[in-house]
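If you read the sequence from its start, that first residue is 1, and numbering goes on from there. Note that this is a predicted model, so its numbers are computed, not measured. Just follow the structure's listing: the first ligand is 1, and inside any ligand the first atom is 1.
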Amino acid sequence: MALDAEIKSQLNQYLQLLENDIVLKVSTGTDKASEEMLALVNELASLSSKITVEKAELERTPSFSVNRVGEDTGIVFAGVPLGHEFTSLVLALLQVSGRAPKVDQSIIDQIKSIEGEYNFETYVSLTCHNCPEVVQALNIMSVLNPNIKHTMVDGAVFKEEVESKDILAVPAAFVNGKEFGNGRMTLDEILAKLGSGPSAEQFADKEPYDVLVVGGGPAGASAAIYAARKGIRTGIVAERFGGQILDTLSIENFISVKETEGPKLAAALEEHVKQYNIDVMNLQRATRLEKKDLVEIELENGAVLKSKSVIISTGARWRNINVPGEAEFKNKGVAYCPHCDGPLFAGKDVAVIGGGNSGVEAAIDLAGIVNHVTVIEYNDSLKADEVLQNRLHTLPNVTVVTNAQTKEITGTDKVNGLTYVDRESGEEKHIELAGVFVQIGLVPNTEWLEGTLERSRFGEIIVDKRGATTIPGVFAAGDCTDSAYKQIIISMGSGATASLAAFDYLIRN
Ligand SMILES: Cc1cc2nc3c(=O)[nH]c(=O)nc-3n(C[C@H](O)[C@H](O)[C@H](O)COP(=O)(O)OP(=O)(O)OC[C@H]3O[C@@H](n4cnc5c(N)ncnc54)[C@H](O)[C@@H]3O)c2cc1C
């Protein structure tokens, strides 16, 4: 396999940045993937005199490890790390050669202090945009701590292994042979999962804020920046900084930016927030709000934060279909991210539940990978934009079933089908499937506010034109509110509005 000219020229530039010699230990066979991997590794060595290649017997073939001279780091790539994992490969080479990873010193110290042996394995697909974050985070941990090892495994090359472990969603991370986590995870999240996140005591003596923002998506980031620019004491607490855009591939309607990717925009939001004196408390979930003299926000870890005003921007999440089988087979054939998990169903039959824009987009995407896609729509017609429907109807391996009420997702240890009721005839029908992608819209993250401020029947926080809720001093913005449309630019605008309104409130009270 010859690398294309563009990748080669990118590699050439990156490899100039290598600081010290590195050794790639390769385990190859006679299969095609081995040939491709060996070609890649040899190409790397031909581009830099700092890289040498040695033959070795590693746990998997084909695979290669990336090491310092005389010292194995524990970083292994099983398969050919191109596609979305190309950056993971480049970063691993640079970091093993001695270039410091771009993370805060406090995180570096935290990683270095982890005790015990951790052997991580992350199963990926090369088209998964959520996978590199996990691979890169675990590689950084391996570079910094000799007790931590990490292998990236390309599921398409190690099909039998993936099937024997019933992996039907990537990234799927395992530690010491046991499941560790599914889906996108940041370095902070991995550290928190390993038990090295902040405890309630670390929040105990926080002074009250002027503005406390709950939620770290586009709305929350915008609200926090607007507040901090007024020079008032601002905090932001977020379960997962970045919000929904972390799961978004291409964004083409964020005005003034022709095209970007969600994770890139999330990183830019974080960088912008960090420009200001904002107390960012990531990976913290709010569980209770109470208005006393000040507004109190209780976190899942038991800490209570106090603030003169609060802006809620907790956004929304994928709506579940809530039928038997959905929860049982989550990540075992029930999936929500077609870009990530589509390749694991290559050559198989899948269904997409939902005929709106996201459902039809998913079906179009999947049709290029899987054997057959059935779109299941509850209503008598699809709701997606006409241009998407037209595209869908040109595809030979897609069937659309309308007036179909999903009754159950069936399976034993993983999904094997779906049962629906034909709403016209009342007849129950069953389709045999390997996977079901649920694409039926979003639900606001507001359950934790039950019994406090007023919400619509859909659970959305009711706000006025300034973002004020029914509790004085509590404002809301973005997808968690009853705003007419849910978009990045709209969330950011409403975050700014709520923040300016909170500032007005502080002046008057
Ligand atoms: C697949 C997909 C594609 C999309 N594509 C586009 C697009 O191309 N263009 C566009 O404009 N929009 C797009 N959107 C919509 C856009 O992502 C949202 O409108 C936007 O992210 C909403 O921002 P938000 O800040 O209101 O909420 P979110 O992005 O949902 O952020 C909510 C934040 O609150 C946090 N949170 C939730 N509950 C709690 C709690 N209890 N305590 C603490 N923190 C909490 C979350 O972790 C997160 O940080 C897309 C959405 C999806 C799912």
Next item on the list: Establish, for the pair Lys165 and Phe174, whether the NZ or CZ atom is under 6.0 angstrom from the six-membered ring centre and no further than 45 degrees off its axis.
Entry: yes
Margin query: If the contact criterion is a heavy-atom separation under 4.0 Å, does Trp318 count as touching ligand 1?
Written below: yes
Notebook entry, point to check: Out of curiosity, is Met492 lining ligand 1, as in a heavy atom under 4.0 Å away?
Noted result: no
So, regarding [X] and ligand 1 (criterion: nitrogen or oxygen to nitrogen or oxygen, under 3.5 Å), is there a contact or not?
{"X": "Ala316", "answer": "yes"}
{"X": "Gln244", "answer": "yes"}
{"X": "Cys480", "answer": "no"}
{"X": "Ile488", "answer": "yes"}
{"X": "Glu252", "answer": "no"}
{"X": "Glu239", "answer": "yes"}
{"X": "Pro218", "answer": "yes"}
{"X": "Ala219", "answer": "yes"}

Check: Of the listed options (Gly495, Ala362, Gly216), which comes nearest to atom 33 (C) of ligand 1 when hydrogens are ignored and any heavy atom counts?
Finding: Gly216
Note to self: Heavy atoms only: which of Ala286, Ala223, Ser491 lies closest to atom 42 (N) of ligand 1?
What the structure shows: Ala286
Which atoms of ligand 1 have any heavy atom of [X] under 4.0 Å away?
{"X": "Gly315", "answer": "27 (O), 28 (P), 30 (O), 32 (C)"}
{"X": "Gln284", "answer": "43 (C)"}
{"X": "Lys486", "answer": "19 (O)"}
{"X": "Asn445", "answer": "37 (C), 38 (N)"}
{"X": "Gly478", "answer": "26 (O)"}
{"X": "Ser313", "answer": "32 (C), 33 (C), 34 (O)"}

Just checking [X]: does its [atom1] atom have more than 12 heavy atoms from other residues, nucleotides or ligands closer to it than 6.0 angstrom?
{"X": "Arg423", "atom1": "CZ", "value": "yes"}
{"X": "Lys291", "atom1": "NZ", "value": "yes"}
{"X": "Gln105", "atom1": "CD", "value": "yes"}
{"X": "Glu259", "atom1": "CD", "value": "yes"}

State, yes or no, whether a side-chain contact exists between [X] and [Y] at a heavy-atom distance under 4.5 Å.
{"X": "Val213", "Y": "Tyr226", "answer": "no"}
{"X": "Leu366", "Y": "Phe345", "answer": "no"}
{"X": "Leu246", "Y": "Thr186", "answer": "no"}
{"X": "Lys348", "Y": "Val370", "answer": "no"}

Checklist line | Exercise: identify the closest heavy-atom pair between Ser88 and Asn139 | finding: O-ND2, 4.3 Å
Note to self: Does the plane of the ring in Tyr118 sit parallel, tilted or perpendicular to the ring in Phe120? Use 30° and 60° as the thresholds.
What the structure shows: parallel
